[in-house]
Protein chains: 2
Amino acid sequence: MASAAEFDRVFAALADATRRDIVRRAIAGEEGVAELADHYPMSFAAVQKHVAVLERAGLVTKQRIGRRKVVRTNVVGLHAAQRLLDRYEELWRGRVDRMTNLITDTRERTT
Amino acid sequence: MASAAEFDRVFAALADATRRDIVRRAIAGEEGVAELADHYPMSFAAVQKHVAVLERAGLVTKQRIGRRKVVRTNVVGLHAAQRLLDRYEELWRGRVDRMTNLITDTRERTT
DNA sequence: GCATCATACAACCGTATGGTTGTACCGATG
DNA sequence: CATCGGTACAACCATACGGTTGTATGATGC
């Protein structure tokens, strides 16, 4: 189970379009940092920082291959975020069910 | 489909423990801003700002009831985030499948 | 109409964030 | 071993963010 601080990092990491695109590209898991940087209108260092943010959030990993470091998205990190949203969803459904019951009860009582 | 800026707002809104807790509490949809504020060790104004961030992200709505404004989580906003994560998940699965095929092909060729 | 509860918003402050440039390190290759 | 490609990191800058206090607006109850 992820701590509050971990959720903070995961969602903060996903709250940037460039980083989301890096996550998407890193699913293929074939590009190094410099190759990723070519896709974006910013310096290499900026992209490197974005990758570092994603890495700290546990959303990607880096593996040295030759002189490059290939960036790969870590599906485990994504799952943490997914599970939190799913829990909200469950709670929401529970609430809706309870309201439905309430309405049903009322109907039964009033009919 | 949500735009990049909308995703930015949704994930940024979720990247704070207090705001996530407000979302959770607002699922019940019974507390006003002042009542929510009682749960947290910060000023009323701070909580109000958090609610405003969630509102701008489309994660909660406010409805005037008497002199209060009841905060309710908007499940549609959550769905936007969920769908993005699900898409990453799909892409990831696709990649794994492709790799599996590749390995299978190789085996078939080498046997 | 007045006091009051609930909300809204502006101004301010410290720190975090996203970007830049510059420098240093590491590994492959001639 | 000298060079070069790829990465890492520090220093710096502007702006955004999370918090505060103070003031204003709005709906309720007497």
Side-chain angles (χ1 to χ4, degrees), chain A residues 3-23 25-26 28-73, chain B residues 3-26 28-74:
Chain A
S3 72
E6 287 171 318
F7 278 124
D8 284 5
R9 280 191 288 271
V10 171
F11 286 115
L14 289 172
D16 180 285
T18 303
R19 287 197 291 262
R20 285 194 301 274
D21 198 65
I22 291 175
V23 168
R25 289 195 131 95
E30 308 206 328
E31 295 184 301
V33 184
E35 294 160 283
L36 282 172
D38 283 339
H39 302 301
Y40 310 106
M42 65 185 76
S43 69
F44 168 81
V47 173
Q48 190 172 300
K49 274 196 187 179
H50 282 306
V51 173
V53 169
L54 290 168
E55 202 177 8
R56 254 179 273 126
L59 287 171
V60 305
T61 59
K62 281 185 283 191
Q63 188 197 351
R64 171 134 249 152
I65 292 189
R67 56 176 85 179
R68 298 178 314 145
K69 278 205 175 168
V70 170
V71 181
R72 299 214 166 89
T73 100
Chain B
S3 73
E6 287 170 321
F7 278 125
D8 285 5
R9 280 191 288 271
V10 171
F11 286 116
L14 290 171
D16 179 284
T18 303
R19 286 197 291 262
R20 286 194 300 275
D21 197 65
I22 292 175
V23 168
R24 186 183 60 73
R25 289 195 131 96
E30 309 207 329
E31 295 183 302
V33 184
E35 294 160 280
L36 283 172
D38 284 340
H39 301 302
Y40 310 106
M42 64 186 73
S43 69
F44 169 80
V47 173
Q48 190 171 301
K49 274 196 188 179
H50 282 307
V51 172
V53 169
L54 290 168
E55 201 176 8
R56 255 179 272 127
L59 288 171
V60 305
T61 59
K62 281 185 283 191
Q63 188 197 350
R64 171 134 248 152
I65 293 190
R67 56 175 85 180
R68 298 177 315 145
K69 278 203 175 169
V70 170
V71 180
R72 299 215 166 88
T73 100
N74 176 20

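Letters go in sequence order (proteins before strands), and every chain restarts at 1.
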Terminal axes of the helix from C/dG1-D/dC30 to C/dG30-D/dC1 (5 end pairs apiece), angle rounded to 10 degrees, sit apart by 20°
List the protein contact pattern of nucleotides 16-24 of chain D with one symbol per nucleotide (5' to 3'): B for base contact, S for sugar-phosphate-only contact, - for none; contact means a heavy-atom distance under 4.0 Å. --SBBB---
A/Arg68 side chain, from C-beta outward: closest of D/dG6, C/dA8, C/dA6: D/dG6
Can you name the side-chain hydrogen bond (donor to acceptor under 3.5 Å, both in side chains) partners of A/Arg56, sequence neighbours left out? none
Grab the N/O contacts between the protein and nucleotides 26-28 of chain D below 3.5 Å, and write none if there aren't any.
from   : atom 1 : to      : atom 2 : distance (Å)
D/dT28 : O4'    : B/Arg67 : NE     : 3.2
D/dT28 : O4'    : B/Arg67 : NH2    : 2.7

With sequence neighbours left out, write down each residue that passes side-chain hydrogen bond (donor to acceptor under 3.5 Å, both in side chains) with B/Arg9, or none if nothing qualifies. none
Let me know the distance between CG of B/Leu54 and P of C/dA8, rounded to the nearest Å. 13 Å
Do A/Val47 and A/Ile22 come within less than 4.5 Å of each other through their side chains, counting heavy atoms only? yes
Using the side-chain contact (heavy atoms from CB on, under 4.5 Å) criterion, which residues pair with B/Arg72? Sequence neighbours excluded. A/Arg95, B/Thr61, B/Gln63, B/Ile65, B/Val70
Under the rule for side-chain contact (heavy atoms from CB on, under 4.5 Å), what residues qualify as partners of A/Ala46, not counting sequence neighbours? A/Met42, A/Ser43
Once you round it to whole Å, what is the distance between P of D/dG6 and CD of A/Gln63? 17 Å
Rounded to whole angstrom units, what separation is found between the CZ atom of B/Phe11 and the P atom of C/dT17? 18 Å
Rounding to a whole Å, what distance do you find between A/Gln48:CD and C/dG22:C1'? 13 Å
So salt bridge (charged side-chain N to carboxylate O under 4.0 Å, His left out) across residues 37-55 of chain B, not counting sequence neighbours, yields B/Glu55-B/Lys62
Atom NZ of B/Lys69 and atom C1' of C/dC5 are separated, to the nearest Å, by 15 Å
Contacts of A/Glu6 meeting salt bridge (charged side-chain N to carboxylate O under 4.0 Å, His left out) (sequence neighbours excluded), chain-then-number -> none
Would you please confirm or rule out a distance under 4.0 Å between OP1 or OP2 of C/dA8 and any side-chain N or O of B/Lys62? yes
Partner set under side-chain contact (heavy atoms from CB on, under 4.5 Å) for B/Gln48, not counting sequence neighbours: B/Val33, B/Phe44
Minimum-distance pair of heavy atoms, taken over all atoms of A/Arg64 and A/Arg67: NH2-O, 3.3 Å
With a cut-off of 3.5 Å and sequence neighbours excluded, list every side-chain donor-acceptor pair involving residues 13-20 of chain B.
from    : atom 1 : to      : atom 2 : distance (Å)
B/Asp16 : OD1    : B/Thr18 : N      : 2.9
B/Asp16 : OD1    : B/Arg19 : N      : 3.1
B/Arg19 : NE     : B/Ala13 : O      : 2.8
B/Arg19 : NH1    : B/His50 : ND1    : 3.1
B/Arg19 : NH2    : B/Ala12 : O      : 3.1
B/Arg20 : NH1    : A/Asp8  : OD1    : 2.9
B/Arg20 : NH1    : B/Leu14 : O      : 2.7
B/Arg20 : NH2    : A/Ala4  : O      : 3.0
B/Arg20 : NH2    : A/Asp8  : OD1    : 2.8

Would you please name every residue forming a side-chain contact (heavy atoms from CB on, under 4.5 Å) with A/Glu30, sequence neighbours left out? A/Ala28
